[in-house]
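What follows is a set of notes on a single structure, which appears directly below.
The sequence lines fix the lettering, A, B, ..., with proteins before strands; numbering per chain opens at 1.
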Amino acid sequence: MTHPAHADLILDWYDHNRRRLPWRAEAGQVPDPYHVWLSEVMLQQTTVQTVADYYRRFLTRWPRVQDLAQAPLDDVLTEWAGLGYYARARNLHKCAAMVVARHRGSFPADEAALRLLPGIGDYTAAAISAIAFDIPAAVMDGNIERVVSRLFAVEEPLPAAKPRLKALVADLTPQQRPGDYAQAMMDLGAMVCTPRRPACGLCPVSARCVARISDDPERFPLKSPKPDKPTRYGAVFWLTRKDGAVLLRRRAEKGLLGGMMEVPGTEWLDQRPPAPLGDAPVKAEWQRLEGGVRHTFTHFHLDLSIYRAAVGLGDPKLGTWVTPDRFGEVALPTLYRKVAKAVLGR
DNA sequence: TATCCGTGGAG
DNA sequence: TCTCCAAGGAT
């Protein structure tokens, strides 16, 4: 009696459960490295459902990497608005330019060369190499971490366990169809070996999963405790001129929401600013709006109060004046769309 | 190694 | 309402 190899079980499962995704080549088709790269960057820490529409819009507007490389950065930031982690958009644009300038518009195939490009780290380099070029790179994302930690019941908590898990992935990765294998393992983690209530009855490798056999699979992967999030406070100033346009400004190029537009406001501090109007862009009859906006970032909560006022003619030196019906045409992140919604009632 | 960097959905 | 977490990268 023979035991099918792990990779064969995974690939057979994949062949019968292949998901149709906007960026995924059909079986037997050759993937486009530009499509693979664009989707992988968008999918960093972002769900498949959220990415789908953004991916289609980007590809429609910039069909080739040369098109993206030539686009103004502000156009890219505007299309990216709402996706989050805006350094990805800045690096995406920079990377496109480097691929055109240094690689004649063709993405390199090997991990080391990919790793030199901005916005491409260990995971994305391996994923592009495997998926776009079918090179047996060890691809490990959050899904695969979970699958492998359960397969071997790894007791070491994340993130310290990453090197151990990566070595296991390297051992498991087959020489044949490594790109399909990587996508299969990610699909398995997303659809079967889920964080809560994994569907072990549907898993092609449950018979050899140590966590499934000997214990509660949901216990894995173990994780180190995360620090709790502090709350910061600030105020924003919603200034309208006679035609209804609102004052917006460009944020600093780096750091939180770097390069994006904002509604002018105070600094964000550990306590509610005692005299926020001192930071208002103009002297005016500022009225505080009932309520405000609460928004949660990766590592802190933000509690914003909103002040509003009106002027006749808006001074262009103060910033950019944009009517709310044109907010879709500027790089306004979700935080400030929430502010607009709070003021306008949608 | 630890911290910073968004957002939306699920439970 | 709150926590977790999703195809991570840069510093």
Side-chain angles (χ1 to χ4, degrees), chain A residues 19 21-24 35-55 77 80-92 94-95 114-132 137-147 157-163 166 169 179 181-191 193-197 218 221 223-232 251-260 262 268 293-302 331-338:
Chain A
R19 282 196 292 177
L21 299 171
W23 45 85
R24 180 171 286 176
H35 298 178
V36 174
W37 163 73
L38 179 61
S39 65
E40 289 301 340
V41 173
M42 287 185 166
L43 286 162
Q44 290 166 5
Q45 295 289 285
T46 311
T47 58
V48 163
Q49 182 175 344
T50 300
V51 165
D53 287 337
Y54 283 87
Y55 174 80
L77 292 175
W80 197 276
L83 250 194
Y85 287 135
Y86 296 98
R88 290 187 297 171
R90 304 194 298 272
N91 285 328
L92 188 84
K94 198 179 305 178
C95 181
L114 287 163
R115 192 67 181 75
L116 294 175
L117 296 167
I120 298 182
D122 287 339
Y123 161 75
T124 305
I128 295 172
S129 193
I131 297 171
V139 178
M140 189 175 74
D141 74 324
N143 286 306
I144 299 178
E145 281 178 3
R146 184 173 56 257
V147 172
L158 287 171
K162 285 190 180 209
K166 177 89 175 222
V169 172
Y181 176 80
Q183 294 177 90
M185 287 286 278
M186 289 190 277
D187 281 8
L188 190 67
M191 301 191 300
C193 194
T194 49
R196 291 178 292 267
R197 306 274 310 250
E218 207 167 326
K223 297 196 174 184
S224 304
K226 300 170 185 173
D228 49 348
K229 300 179 182 187
T231 298
R232 294 184 188 165
R251 292 177 60 85
E253 289 189 17
K254 293 187 177 181
L256 188 73
L257 307 177
M260 302 293 285
E262 68 171 359
W268 302 342
V293 161
R294 187 172 172 83
H295 189 75
T296 299
F297 293 103
T298 307
H299 52 293
F300 65 94
H301 304 286
L302 179 63
L332 200 65
T334 296
L335 168 63
Y336 297 106
R337 295 185 190 276
K338 282 189 185 178

Would you list the protein and nucleotides 9-11 of chain C atom pairs, both N or O, that sit under 3.5 Å from each other?
unit_1: dG9(C); atom_1: OP1; unit_2: G121(A); atom_2: N; d: 2.9
unit_1: dG9(C); atom_1: OP1; unit_2: T124(A); atom_2: N; d: 3.0
unit_1: dG9(C); atom_1: OP1; unit_2: T124(A); atom_2: OG1; d: 2.5
unit_1: dG9(C); atom_1: OP2; unit_2: D122(A); atom_2: N; d: 3.4
unit_1: dG9(C); atom_1: OP2; unit_2: Y123(A); atom_2: N; d: 3.2
unit_1: dA10(C); atom_1: OP1; unit_2: G119(A); atom_2: N; d: 2.5

Heteroatom pairs (N/O) under 3.5 angstrom, protein to nucleotides 3-5 of chain C:
none

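Side chain of R88(A) to main chain of M42(A): a donor-acceptor pair is present (N/O by atom type, distance under 3.5 Å, no hydrogens or angles).
For the C1' atoms, the distance from dT1(B) to dA10(C) is 14 Å, rounded to whole Å. Distance noted for atom C1' between dG6(B) and dC4(C): 15 Å (whole Å). Taking the C1' atoms as reference points, dA2(B) lies 23 Å from dA7(C), given to the whole Å. dA6(C) and dC5(B) have their P atoms separated by 22 Å, given to the nearest Å.
Under the side chain to side chain contact (heavy atoms under 4.5 Å, CB included) rule, L335(A) has a single partner from L257(A), T296(A), L256(A), which is L257(A).
By the 30° and 60° cut-offs, the orientation of the rings of F300(A) relative to F297(A) is tilted.
The outermost nucleotides of DNA chain B lying under 4.0 Å from heavy atoms of chain A, listed 5' to 3', are dC4(B) to dG8(B).
Heavy-atom distances to DNA chain C give each of A190(A) and R294(A) a nearest nucleotide, and the one nearer the 5′ end belongs to R294(A).
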Practice problem: Output, in order, the C-alpha distance, side-chain angles, deciding distance and verdict of side-chain hydrogen bond (donor to acceptor under 3.5 Å, both in side chains) for Y86(A) and R251(A). | Solution: CA-CA 12 Å; Y86(A) 296 98; R251(A) 292 177 60 85; over 6 Å; no
